[in-house]
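One structure is given below, encoded as C-alpha cells.
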Number of protein chains: 2
Amino acid sequence: MAYTQARFDVSAAPLATRTESAWADYLRSSKARRLSLEAHEALFFEGDPAERVFEVAEGSAMLYKLLPDGRRQVVEVLGPGDMFGFDVVGVYDCTAESLTPCIVHAIERRDIETAPALQEHLTRCVLAKLHAMHDHAVLLGRKSAFERVASFLIRFVPQRGVLGCVGPTAGEEDTRTVELPMTRQEIADYLGLTIETVSRVFSDMRRRGLISLEKHDRVMIRDVCSLCRCSGTH
Amino acid sequence: MAYTQARFDVSAAPLATRTESAWADYLRSSKARRLSLEAHEALFFEGDPAERVFEVAEGSAMLYKLLPDGRRQVVEVLGPGDMFGFDVVGVYDCTAESLTPCIVHAIERRDIETAPALQEHLTRCVLAKLHAMHDHAVLLGRKSAFERVASFLIRFVPQRGVLGCVGPTAGEEDTRTVELPMTRQEIADYLGLTIETVSRVFSDMRRRGLISLEKHDRVMIRDVCSLCRCSGTH
DNA sequence: CGCGATTTTGATAATGTTCAACAGTAGTGG
DNA sequence: CCACTACTGTTGAACATTATCAAAATCGCG
C-alpha cells in the first residue's frame with residue numbers, strides 16, 4: 001500500500017477546503033439561481049431533460065421514482081448542503097419534490113463542466129450520495145420494519161448513529177427531539193413499507209418507551225443509544 | 001431552461017471521448033496495477049483504509065455490507081468497465097469480492113486526484129453507479145420476489161430492460177441465454193430475499209415457461225419481452 | 001365547532017421466511 | 001468407472017411479518 005490512512009487524511013483536507021471555497025464563490029456569483037419552493041412542489045420530473053444541478057440551501061426535499069402501477073420509492077431525502085439532479089443519460093432519473101418550504105440553488109451544468117474546482121465539489125457530493133445509497137440498500141434489503149424506522153429516526157440526530165458516533169455525553173440524559181420533515185406516507189415510501197406499518201411501529205416504540213410523540217412530526221427520542229441498538233446496524 | 005437536451009448531448013459526446021482516452025492512456029501506463037483474482041477472493045474489506053480505486057477488466061465482482069448479526073446485503077454487482085472502491089471518509093464502506101475469476105486494474109487515488117481528465121472519468125462512473133443504485137432501491141423497496149428475479153435476469157441481457165430498450169428484432173424468437181456469475185445465496189443477498197425464495201421463483205418461472213435452466217447458472221430466457229413485463233418496471 | 005385530511009387501530013390475508021428433508025452436481029479416490 | 005462425500009440447490013409445511021381493507025380517532029384550520 002502506497003500511503004497510510006493518516007497521510008490520506010491530511011492530503012484530503014486542503015482539497016476539501018479548496019473546493020468548498022470555489023463552490024461558495026460560485027454560489028455568490030450571479031450565475032447561481034436561487035429558487036424558493038413551497039412544501040410539496042415538484043422541481044423536476046423523472047424523464048425531464050437534465051439541464052441543471054441543484055443544491056438545497058434551506059429546508060428539505062426528496063427524490064422519488066414511480067413504477068407504472070403507481071408504487072413509489074423515495075430514493076433520497078435531502079437536507080441543507082445536499083446536491084441533486086445529477087444525470088448520466090441526459091434526463092433526470094427521479095422526480096424531485098420539496099418536503100418543506102425550501103430554498104435551492106440552481107447551477108447550470110455548463111458552468112460546472114468548465115470549472116474543475118466545481119467539478120471536484122460535485123464529485124465529492126456524488127460520492128457521499130453513493131455511500132448513503134449503500135446504507136439505504138442494506139436498510140431496504142435486510143432490515144425489519146422496526147429497524148428501518150429506528151434507523152430513519154436516528155438519521156435526524158446529527159453526529160449519531162453514523163461511523164464515529166460520539167455517543168451520549170457522560171452522565172446526561174441522552175434525550176433528543178427531532179422534527180420529521182415528512183408525512184407517514186413519505187416515510188413509508190422511503191423505507192419500503194406501508195403507511196400502516198410505519199404508524200404501527202411508531203405506536204409500538206411509544207408503548208416501549210423508546211420515543212414519545214409531541215406532534216405527529218415531532219418525535220422525542222428518550223434515549224438515542226437505546227434506539228440505535230434497535231436499528232440493526234450496531 | 002438554458003439549452004435543450006439535444007445541445008447537451010452534442011456537448012457531452014466529445015467530453016466522453018476525451019476522458020475515455022485519458023483513461024485508456026492511464027491504464028496503458030505503468031502506474032496502473034493489474035491484479036488477477038480467483039473466484040470468491042476478497043479484494044478489500046469494509047473499514048479498510050481506502051487507498052486505491054479499481055476497475056473491473058474481466059470477470060465480475062460484487063460489493064457487500066454486513067450487519068453485526070451476519071445478515072448480508074450485496075449492494076453492487078460489477079462487470080467489465082465498472083469502477084469501485086470510491087470513498088468519502090477514508091475507508092471503504094463495503095467489502096469487495098470477486099464472483100468469477102477476474103482481472104482488475106488498481107489505480108492510486110493520488111494519480112486520479114492530480115489528473116483532471118481521470119477525475120472526469122471517475123465522476124462519470126460514480127454518476128452511473130448512483131443511477132443504478134436508485135433503480136436498485138426501487139427493486140428492494142417496492143418490488144415482489146418475482147419482479148426482483150425478473151429484473152435481475154434482464155440485467156444480464158445487454159441493451160434490454162433499460163431506458164431505450166431496443167425491443168425484440170421483428171419476427172424473430174426473442175430467446176436469449178444468460179450466464180449467471182452468482183450462486184443462489186449471492187443472488188438472494190443482492191435481491192434482499194432468501195435463497196429458498198430465489199429458488200422457488202426460478203422454479204415458478206420454469207413451470208410458467210418463461211425460462212429454462214440448462215444448468216443452475218445458465219438460464220435460457222424464452223421471451224425477453226415477456227420476462228420484462230414481469231419485472232414491474234414496464 | 002366542524003370539516004377534510006392524515007393518522008391510528010383492528011381484523012384478515014398474502015407474501016416471504018424458517019426449518020427440515022431431499023435431490024442434484026461436482027470433485028475425489030479407490 | 002463407480003462409490004463416497006460435500007456442497008449447492010430444490011421442495012414442503014408451518015410460521016412470522018407485513019400488506020390490505022375497513023373503520024375509528026386525531027389533527028389542522030377556517
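In the text below, chain A, chain B and the rest are named by the order of the sequence lines, each starting its count at 1.
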Suppose we call two aromatic rings close when their centres sit under 6.0 Å apart. Are F86(B) and H131(A) close by that rule? no

Between T197(B) and dT17(C), is there a side-chain N or O to OP1/OP2 distance below 4.0 Å? yes

Would you kindly give the CZ-to-C1' distance between F202(A) and dT6(C), to the nearest whole Å? 14 Å

R200(B) has its side chain closest, among dG16(C), dG12(D), dT8(C), to dG12(D)

Identify whether the distance between the nearest side-chain nitrogen and carboxylate oxygen of E214(A) and R218(A) falls below 4.0 Å. yes

With the side chain defined as heavy atoms from C-beta on, T194(A) is closest, among dT20(D), dT7(C), dG16(C), to dT20(D)

Closest listed nucleotide, where the reference is the side chain of S203(B) and the choices are dT11(D), dG9(D), dT18(D): dT11(D)

Distance check needed: dG9(D) P versus M182(B) CE, whole Å only. 11 Å

Nucleotide nearest S199(A) when distance is taken to its side chain, options dT7(C), dT18(D), dT25(C): dT7(C)

Answer yes when D204(A) and R200(A) have at least one side-chain N-carboxylate O distance shorter than 4.0 Å, and no when they do not. no

Starting from the 5' end of DNA chain C, give me the residue, D204(A) or R148(B), whose nearest nucleotide shows up first. D204(A)

Return the value, rounded to whole Å, for the distance between atom CD1 of I187(A) and atom C1' of dT6(C). 12 Å

To the nearest Å, give me how far apart CE (M205(B)) and P (dT10(D)) are. 13 Å

Counting only side-chain nitrogens and oxygens, does R184(B) get under 4.0 Å of the OP1 or OP2 atom of dG24(C)? no

Q73(A) and H134(B): side chain donor to acceptor below 3.5 Å: no

Residue A145(B), side-chain heavy atoms: nucleotide from dT18(D), dG16(C), dT10(D) that is nearest: dG16(C)

K215(B) NZ to dA26(C) P, in whole Å, measures 6 Å

Can you name the closest pair of heavy atoms from E76(B) and L130(A) and give their distance? OE2-CD1, 4.0 Å

Keeping R142(A) on the side-chain end and L193(B) on the backbone end, is there a donor-acceptor pair under 3.5 Å? yes

Five pairs per end, C1' atoms only: what is the angle between the end axes of the helix from dC1(C)-dG30(D) to dG30(C)-dC1(D), to 10 degrees? 40°

Side-chain atoms of E196(A) come closest, of dG9(D), dT7(C), dT9(C), to dT9(C)

Whole angstroms only, please: what is the NZ-P distance between K143(B) and dT15(C)? 17 Å

Taking NE2 from H216(A) and C1' from dA5(C), how many angstroms apart are they, rounded to a whole number? 11 Å

Please give, in whole Å, the distance from dT18(D) P to E147(A) CD? 9 Å

Write down the atom of A57(A), the atom of H105(A), and the distance for their closest heavy-atom approach. CB-NE2, 3.6 Å

Can you tell me if R72(A) uses its side chain to pair, donor with acceptor, with the backbone of L66(A) under 3.5 Å? no

Under-4.0 Å side-chain N/O to phosphate OP1/OP2 contact, R206(B) with dT11(D): yes

